[in-house]
Novice: 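Here it is, the structure in full.
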Amino acid sequence: MRLSQFFMPTLRETPAEAEIVSHRLMLRAGMVRQSAAGIYTWLPLGLRVLRKIENIVREEQNAAGAQELLMPTIQPADLWRESGRYDDYGKEMLRITDRHGRDMLYGPTNEELITDIFRRDVKSYRDLPKALYHIQWKFRDEVRPRFGVMRGREFLMKDTYSFDLDQEGARRAYNRMFIAYLRTFERLGLKTVPMAADTGPIGGDLSHEFHILADTGESEAFLHGDYLSFDPIGDGVDYDGDLQPLVDKWTSLYAAADDKHDTARFADEVPEDKRLETRGIEVGHIFYFGSKYSEAMGATVQDADGKSVPVQMGSYGIGVSRLVAAIIEASHDDDGIIWPASVTPFDVGLLNLKPGNEATDGACQKLYDGLNKAGLDVLYDDRKDRPGAKFASMDLIGLPTQVICGPREAEQGRVELKNRATGVKDIVSIEAALTALTDTSTGTAP
RNA sequence: CGGGGAGUAGCUCAGCCUGGCAGAGCACCGGCUUUGGGAGCCGGGGGCCGGAGGUUCGAAUCCUCUCUCCCCGACCA
C-alpha cells in the first residue's frame, strides 16, 4: 500500500479528549475516530489490527474444538424475560422498540440467544459436548465510558458457550478454553496471568479472569513472579487429552487483581522476593455457570437412561476491541506504538526519503515489488514530505521493521533497516534487505 | 448516578473578566527555497464562536434553559 493513497489521518497533536496512552496513540495514528461517547469508527489502519487479533482468536478457538456461528446484535426481549434477566440487567442494556411496538434490545451478551439456539435442535446426550462461539459487536450502556476503545459502550467480543451433559464434561470444556486463552494471548505477544474471579451463585473454582500485565493497566495486580517464567503453551496442544495438569500448574501460584486481593494470603503464600505488584488489564473472562440458563429456558437433553436433564453450560469471553488498546498499553514508547509482529497492520514500512530522486525511487520500487511478491504487507511512504515527518509518522504507527531509503545510501545500492522495538539500524544492500525481510516468515529482521 | 471541567477553523488553543470588524500556531491550497528526525518565506481558502431564548443600539463575550464531550468517584469485558 502506498501511503500517498492510504487513508491514514495522523495527528501531530493529541486531541484533548484522550487521557491514556493507548487512546492518544490510536487517535494520533489514525486508527479510530470517536462517533459518540464510547462509540468508535475503525479507520483502515485500526481495522487491520482488529482483524488480525480477531483471526488469531478464531484460529485458537477452532483449534480448541469450538465452532463459529454468528448471532445477531439485536435480540428479542422475550428471551431475556424467560431467563429473568430482562428486569435484572438495568440501564446498561440498550432497549429498543421496533415499529410494531415489540420490545427488542442491543445484545450486551448472548447466553439467552445461544441457549435458545441450542434447545431447539439438541435433544440427546449423544450430541454433546458442544462449544459454539461468535465474534460480534456488543453494546453495554456504561454510565461512564472512558479510555477510548478500552472501555467503550460498543465493543467487539468473542464469546464462546459450552454445553455438556455433566460437571466433569463442563470442567473439560473449561480447561480447553483455559489453555486456548493462554495460547491466544501468547500469540498476541502478551504476558498473561489467569486470576481467580468471582464464581457467582454456582461457586467452585471454575472462574478466571485473564489479565495482561502493563504498567499503565487499570487495575492493580498482585502475583507470584514465577508466572513470568512459565514455559509458553506452544503449538500442538492435544485438546482431547487431559489438560488438568497444565491448568493446575497455571493456577497453582498466587495471582489476584485488586478486587480479589488478600494481603495476608499474598504474604503467606508468596516468598518476599517473588512478590510482584504491577498493573493489569482484563482481556478475558471464563466461567462455568452450570444449569442457570438451561433450567430457566428448558434446554434439556435426554441422558443414556432416557432421563431429561438440563445441560451444563459455561461461557468464555475475550474483549477483542479492548485487546487493541491493551496491546498498545503493553507495547509502546515515547515515539509511538510498537506492534508485536503477529498483529501489526503492515509487516514493513518503506520510507522513500526523497521521492523524485532516481536512486531512491528505483530502490524503493524494487523493494516494494520484491516484498509484496514475497507476501509481505508493505506500507510505502512515497509522499512528498520531509524525512523528519516520515520518521515521526512511521515510528508513531509502530510497524516492526522499517526500510529507510535515502539518496546517500541508495546511490550506493544500499538501504537502512531499522528495528522499531530496539531502534537498531543496519545499513545493507538492497538485495540483502530483501533477503533478510523475506527469509523470516515474520518479517521482523534485523 | 453524584462531584468537577470544557465546547471558538481539521488539531492545539487565545479572545470572554471589562460587550464594539473572528484570532494565532500547526494542518490544508498555490508559489519559491529546502531535503536523514514533524523546515523557511510569500500569497490564499476555511467559522451559525454547540443549540434555543433573553438583555442591549450592538453579544463569542452578560443572563436563563438545553445538548454534547472530558475528568474524579461508584459500576463494568
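The sequence lines fix the lettering, A, B, ..., with proteins before strands; numbering per chain opens at 1. All values derive from a computational prediction rather than experimental measurement.
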Novice: Side chain of A/P15 only, please: which of B/rC1, B/rC69, B/rC11 is the nearest?
Specialist: B/rC11

Novice: Please give the distance between the P atoms of B/rG23 and B/rG31 as a whole number of Å.
Specialist: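 Here B/rG23 and B/rG31 have their P atoms 27 Å from each other.
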
Novice: Given B/rA77, B/rC71, B/rG36, which nucleotide is nearest the side-chain atoms of A/P387?
Specialist: B/rG36

Novice: Regarding A/E13, tell me which of base, sugar-phosphate or nothing describes its non-hydrogen contacts under 4.0 Å with the strands shown.
Specialist: base

Novice: Quick one: does any side-chain atom of A/E295 pair with a main-chain N or O of A/V311 as donor and acceptor, under 3.5 Å?
Specialist: no

Novice: What does A/E142 touch in the nucleic acid at a heavy-atom separation under 4.0 angstrom: a base, only the sugar-phosphate, or nothing?
Specialist: base

Novice: Under 4.0 angstrom, heavy atoms only, what part of the nucleic acid is A/A16 near: base, sugar-phosphate, or nothing?
Specialist: sugar-phosphate

Novice: Can you check the distance between B/rA39 and B/rA60, where both ends of the measurement are the P atom (answer in whole Å)?
Specialist: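 Approximately 37 Å lies between the P atom of B/rA39 and that of B/rA60.
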
Novice: Hey, does A/R33 reach any base, or is it just sugar-phosphate, or nothing, if we go heavy atoms under 4.0 Å?
Specialist: nothing

Novice: Measuring from the side chain of A/Q34 (C-beta onward, heavy atoms only), which nucleotide among B/rU35, B/rC70, B/rA74 has the closest atom?
Specialist: B/rC70

Novice: Tell me: CE of A/M26 to P of B/rC11, nearest whole Å?
Specialist: 18 Å

Novice: Rounded to whole Å, please give me the gap between CG in A/D141 and C1' in B/rC76.
Specialist: 12 Å

Novice: Grab the CD1-P distance between A/I327 and B/rA77 for me, whole Å please.
Specialist: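 Taking atom P of B/rA77 as the reference, CD1 of A/I327 is at 20 Å.
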
Novice: Expressed in whole Å, how much space separates the C1' atoms belonging to B/rU12 and B/rG19?
Specialist: 27 Å

Novice: With a cut-off of under 6.0 Å to the ring centre and 45° to the axis, is A/R48 in cation-pi contact with A/F346?
Specialist: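 Here A/R48 passes the 6.0 Å and 45° test against A/F346.
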
Novice: Can you work out whether A/G152 or A/A389 has the more 5'-proximal nearest nucleotide on RNA chain B?
Specialist: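 With A/G152 and A/A389 compared, the 5'-side residue is A/A389.
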
Novice: Has A/K138 got a side-chain N or O lying under 4.0 Å from the OP1 or OP2 atom of B/rA77?
Specialist: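 Result: no.
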
Novice: Using a 4.0 Å heavy-atom cut-off across all strands, classify A/E218 as base, sugar-phosphate, or nothing.
Specialist: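 No contact at all - A/E218 keeps every heavy atom at 4.0 Å or more from the nucleic acid.
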
Novice: Between A/R146 and A/E218 (salt bridge meaning N to carboxylate O under 4.0 Å), is one present in this structure?
Specialist: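 Salt bridge flag = no for A/E218 with A/R146.
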
Novice: Could you identify the nucleotide paired to B/rG73, looking across every strand shown and requiring Watson-Crick or G-U wobble geometry with both distances under 3.5 Å?
Specialist: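 Base-paired to B/rC1.
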
Novice: Does A/R140 make a side-chain N or O approach to OP1 or OP2 of B/rC76 shorter than 4.0 Å?
Specialist: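 Looking at the OP1 and OP2 atoms of B/rC76, neither is under 4.0 Å from any side-chain N or O of A/R140.
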
Novice: Base, sugar-phosphate or nothing for A/T14? Non-hydrogen atoms, less than 4.0 Å.
Specialist: sugar-phosphate

Novice: Nearest-nucleotide wise, let me know which of A/R28 and A/L156 is further upstream toward the 5' end of RNA chain B.
Specialist: A/R28

Novice: Tell me whether A/Y239 contacts the main-chain N or O of A/M177 through its side chain, where contact means a donor paired with an acceptor under 3.5 Å.
Specialist: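 No; judged by distance alone, with no hydrogens or angles, the pair does not exist.
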
Novice: Which one is paired to B/rG43, where only Watson-Crick or G-U wobble pairs with both distances under 3.5 angstrom count?
Specialist: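 In the structure as shown, B/rG43 has B/rC29 as its Watson-Crick or wobble partner.
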
Novice: Can you tell me the pairing partner of B/rG37 across any strand shown, Watson-Crick or G-U wobble, with both distances under 3.5 angstrom?
Specialist: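 Its partner is none (no Watson-Crick or G-U wobble pair with both distances under 3.5 Å).
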
Novice: Please work out if A/G317 contacts a base, only the sugar-phosphate, or nothing of the nucleic acid, heavy-atom cut-off 4.0 Å.
Specialist: nothing

Novice: Using only heavy-atom distances, decide whether a donor-acceptor pair under 3.5 angstrom links the side-chain of A/R151 to the base of B/rC76.
Specialist: yes

Novice: Determine the contact category for A/G90: base if any of its heavy atoms lies under 4.0 Å from a base atom, sugar-phosphate if only primed atoms, P, OP1 or OP2 are that close, otherwise nothing.
Specialist: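 The answer is nothing, as A/G90 stays clear of every strand by at least 4.0 Å.
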
Novice: Can you tell me if A/Q402 and A/D395 form a side-chain donor-acceptor pair at under 3.5 Å?
Specialist: yes

Novice: Should we count CZ of A/R51 as having more than 12 external heavy atoms under 6.0 Å?
Specialist: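 For A/R51, atom CZ is not crowded (no more than 12 foreign heavy atoms under 6.0 Å).
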
Novice: With both distances under 3.5 Å as the test, what is the Watson-Crick or G-U wobble partner of B/rA14?
Specialist: none

Novice: Please report the distance, rounded to the nearest Å, between CZ in A/R386 and P in B/rC26.
Specialist: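 Spelled out: CZ on A/R386 to P on B/rC26 is 14 Å.
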
Novice: Rounding to the closest angstrom, what is the interatomic distance between B/rA14 and B/rA9 at atom C1'?
Specialist: 13 Å

Novice: Determine yes or no for a side-chain-to-main-chain donor-acceptor pair under 3.5 angstrom, with A/R33 supplying the side chain and A/W42 the backbone.
Specialist: no

Novice: Find the distance A/R146:CZ to B/rA77:C1' and express it as a whole number of Å.
Specialist: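 One finds 14 Å between C1' of B/rA77 and CZ of A/R146, rounded.
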
Novice: Nearest to the side chain of A/V143, which nucleotide is it out of B/rG36, B/rC76, B/rC1?
Specialist: B/rC1

Novice: If you draw the axis of the six-membered ring of A/Y293, does the NZ or CZ of A/R119 fall within 45° of it and under 6.0 Å from the ring centre?
Specialist: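 No - A/R119 does not lie over the ring of A/Y293 by the 6.0 Å and 45° rule.
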
Novice: Mind calculating the distance between CD (A/E17) and P (B/rG10) to the nearest angstrom?
Specialist: 14 Å

Novice: With the threshold set at 4.0 Å, does a side-chain nitrogen-carboxylate oxygen contact exist between A/E60 and A/R187?
Specialist: yes

Novice: Compare the aromatic ring of A/F155 with the six-membered base ring of B/rA77 and state whether they stack according to the 5.5 Å and 30° rule.
Specialist: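 Stacked: ring centres under 5.5 Å, planes under 30°.
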
Novice: Can you see if the side chain of A/R144 gets near the phosphate of B/rC72 - specifically, an N or O under 4.0 Å from OP1 or OP2?
Specialist: yes

Novice: Which value, in whole Å, describes the distance between the P atoms of nucleotides B/rA6 and B/rC13?
Specialist: 12 Å

Novice: Mind checking who B/rC57 pairs with, Watson-Crick or G-U wobble, both distances under 3.5 Å?
Specialist: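 Because both required distances fall under 3.5 Å, B/rC57 counts as paired with B/rG20.
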
Novice: Calculate the interatomic distance between A/K354 atom NZ and B/rG37 atom P; express it in whole Å.
Specialist: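 After rounding, the reported distance stands at 14 Å.
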
Novice: Only pairs with both distances under 3.5 Å count, Watson-Crick or wobble alike; so what is the partner of B/rG7 in this structure?
Specialist: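 With both distances under 3.5 Å, B/rG7 matches B/rC67.
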
Novice: With heavy atoms under 4.0 Å as the rule, sort A/L396 into base, sugar-phosphate or nothing.
Specialist: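 Base contact.
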
Novice: Is a donor-acceptor contact shorter than 3.5 angstrom present between the side chain of A/K425 and the base of B/rG37?
Specialist: yes

Novice: For atom P, what is the distance between B/rC49 and B/rG7, given to the nearest Å?
Specialist: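 After rounding to an integer number of Å, I get 15 Å for this pair.
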
Novice: Once you apply a heavy-atom cut-off of 4.0 Å, does A/D159 come out as touching a base, just sugar-phosphate, or nothing?
Specialist: nothing

Novice: Rounding to a whole Å, what distance do you find between A/E111:CD and B/rA77:C1'?
Specialist: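 After rounding, the gap between these two atoms is 12 Å.
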
Novice: Check every atom of B/rC1, B/rC69, B/rA77 against the side chain of A/R322 and return the nucleotide holding the closest atom.
Specialist: B/rA77

Novice: C1' atom, B/rU55 versus B/rA74: distance in rounded Å?
Specialist: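 Comparing C1' positions in B/rU55 and B/rA74 gives a spacing of 42 Å.
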
Novice: Sticking with atom C1', work out how far B/rG45 lies from B/rC26, rounded to a whole angstrom.
Specialist: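 B/rG45 and B/rC26 have their C1' atoms separated by 16 Å.
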
